[in-house]
Amino acid sequence: MFTFGKNKTESRLTGEFYTNAIGVMQGAGALGAGIDCGDIPQAGPAAPASAFKTYANYVALPASEAFRIEYWKLEEAKIRRQPPEKELSRRIMMVVGGGSGIGREVALLAAHRGAHIMVADRDVKAAEAVCAEAREIAGKEAVGCVKIDIRDRKTIRAALDEAVRQFGGLDILINTAAIFPASPDGVITDVMWGMTLEINVTANFMLTDEAEPIFTAQGIDASVVLTSSANAVVAKRGTEAYDVSKAALSHLVRELAITYAPRIRVNAISPATVVKGSTMFPRDRVIASLKKYNLLYDEKSSDDELRNELARFYARRTLTGQPIDPRDCAQAILFLAGPNTPCTTGHIFPVDGGLTEAFLR
Ligand SMILES: NC(=O)c1ccc[n+]([C@@H]2O[C@H](COP(=O)([O-])OP(=O)(O)OC[C@H]3O[C@@H](n4cnc5c(N)ncnc54)[C@H](O)[C@@H]3O)[C@@H](O)[C@H]2O)c1
């Protein structure tokens, strides 16, 4: 049995109505035929056929009468009084990297906007925690979570299959997962270099490549949003592997936009430093950055105090002058992912506070 509805709960309820109707038909049919079919399902406890006094067969209403029941004034008034649908109602979204930072904010904001969400992350505990938070907003049937490692096609396929199984399809794919390679002496080994390109570039290709057949089979509009970085255009000493990986990712966005047009749009955001909520800023990286920029700090300060200090420094370098919040990035991602940008594809949208070094040239 396949049932449809504007959301998962409505689809389930429709299925339950059918299941009950089938029970009624079976029961009535069994009574009419006079055969002992065991217990008859009914609203109260099940009862044996022999307990019924009246024998009758199941007879369906004529279509005109069924129509009258569905479309009488009170029923129509009920439909009109339903709350308006939200921006992402009827959309199914997978947020890869949803266990932390920007991905977490995307999942929570999408929950407010009515989407069905599959939170996917290599860190399954983190994905579960975000799933629980998003369920508080959107209800428990609207959000699921799954483990994924985007370096491995098998887990990508399994995670996508799980989204389709739980929600019936996929409309939006978002990836925020990436790594920022760091080492205490600032030297990036060949292994780290390879892994950075593998996760930040190739894995993005594999992820979209596995999602494409689902989008194409559905035959309806879909969209992909990936996450680049201001570092894709601003060259820096000591972050070569990361910067090169993000430059390649930005170009991958343009390549995919061409390959998947016209039905699947592919865009990205390009944030500058987002310290809040990110696992990319462990204490030693924050201290290394404070030292690099000759900023005074107290060794005894907490992790958060040091991170705030660094965030304020980065903010001073931007035109808008305030730290970039992961929620600002989530807003931009959902703008590109949703119904308000049907004519935007192959685009990289900056969320960098107006970092003039990253102005396009
Ligand atoms: N935070 C920043 O300053 C900043 C700046 C510019 C761009 N970005 C980009 O934004 C994105 C998100 O950054 P964030 O700060 O939210 O990072 P984060 O580290 O807080 O979150 C990334 C998530 O991706 C997951 N992940 C990592 N590798 C994975 C893999 N192979 N498979 C599945 N999941 C994996 C991690 O478990 C984590 O939950 C990244 O692409 C990053 O490069 C971040």
Side-chain angles (χ1 to χ4, degrees), residues 94-109 118-131 145-156 158-160 173-182 192 194-207 210 225-234 236 239 241-250 252-253 268-282 285-286 289 307 310-311 313-315 317-318 323-330 332-333 348-353 355 357-358:
M94 181 183 274
V95 188
V96 179
S100 169
I102 297 170
R104 171 178 167 273
E105 291 292 343
V106 171
L108 299 183
L109 198 57
M118 186 60 103
V119 183
D121 204 292
R122 189 172 57 179
D123 181 345
V124 73
K125 286 263 172 301
E128 281 166 5
V130 173
C131 174
C145 61
V146 68
K147 187 176 169 67
I148 193 172
D149 185 339
I150 52 171
R151 288 175 299 177
D152 175 4
R153 273 189 190 265
K154 273 212 302 284
T155 76
I156 294 174
L160 289 165
L173 175 67
I174 287 161
N175 181 34
T176 63
I179 57 163
F180 183 92
M192 281 308 281
M195 198 195 290
T196 307
L197 291 184
E198 185 189 8
I199 295 178
N200 294 4
V201 188
T202 312
N204 280 264
F205 168 71
M206 295 198 307
L207 181 64
E210 290 293 337
V225 183
L226 305 176
T227 313
S228 186
S229 164
N231 290 35
V233 293
V234 182
K236 285 194 189 132
T239 51
Y242 182 80
D243 301 355
V244 166
S245 76
K246 291 297 183 176
L249 181 85
S250 291
L252 179 67
V253 167
I269 64 155
S270 155
T273 326
V274 188
V275 179
K276 185 175 161 193
S278 175
T279 64
M280 292 193 173
F281 289 89
R285 179 182 171 197
V286 173
S289 298
R307 287 151 62 96
L310 185 64
F313 165 73
Y314 283 128
R317 302 192 308 183
T318 66
I324 298 160
D325 194 285
R327 204 169 169 88
D328 301 329
C329 298
I333 287 177
I348 318 286
F349 191 110
V351 188
D352 58 9
L355 190 67
E357 299 158 275

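Just the heavy atoms: all of them, side chains too, but no hydrogens, waters or symmetry mates, feed the values below. In this text the structure is predicted, and so the values were computed from the model without any measurement. We count ligands from 1, going down the list as the structure has it; atoms in each ligand are counted the same way.
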Decide whether an N or O pair under 3.5 Å exists between [X] and ligand 1.
X    : result
S229 : no
R151 : no
S278 : yes
I102 : yes

Identify, with sequence neighbours excluded, every residue that meets side-chain contact (heavy atoms from CB on, under 4.5 Å) alongside P350.
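Counting only residues at least two positions away or on another chain, P350 forms a side-chain contact (heavy atoms from CB on, under 4.5 Å) with D352.
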Take atom NZ in K276; do more than 12 heavy atoms of anything else shown fall under 6.0 Å from it?
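For K276, atom NZ is not crowded (no more than 12 foreign heavy atoms under 6.0 Å).
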Charged N to carboxylate O below 4.0 Å: is that the case for R327 and D325?
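Here R327 does not pair with D325 in a salt bridge, since their nearest N and O are not under 4.0 Å apart.
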Would you mind running through ligand 1 and noting each atom that sits below 4.0 Å from a heavy atom of [X]?
X    : value
Y242 : 6 (C), 7 (C), 8 (N), 9 (C), 42 (C), 43 (O)
G101 : 16 (O), 20 (O)
A272 : 5 (C)
S228 : 7 (C), 9 (C)
T227 : 9 (C), 10 (O), 11 (C), 41 (O)
K246 : 40 (C), 41 (O), 42 (C), 43 (O)
G97  : 23 (C), 24 (O)

Considering only protein heavy atoms, which is closest to atom 4 (C) of ligand 1, and at what distance to one decimal place?
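Among all protein heavy atoms, the one nearest atom 4 (C) of ligand 1 is V274 N, 4.2 Å.
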State which residues pass side-chain hydrogen bond (donor to acceptor under 3.5 Å, both in side chains) with S270; sequence neighbours excluded, sorted by chain then number.
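S270 satisfies side-chain hydrogen bond (donor to acceptor under 3.5 Å, both in side chains) with no other residue.
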Is it true that F281 lies under 4.0 Å from ligand 1, counting heavy atoms only?
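Yes, F281 has heavy atoms under 4.0 Å from ligand 1.
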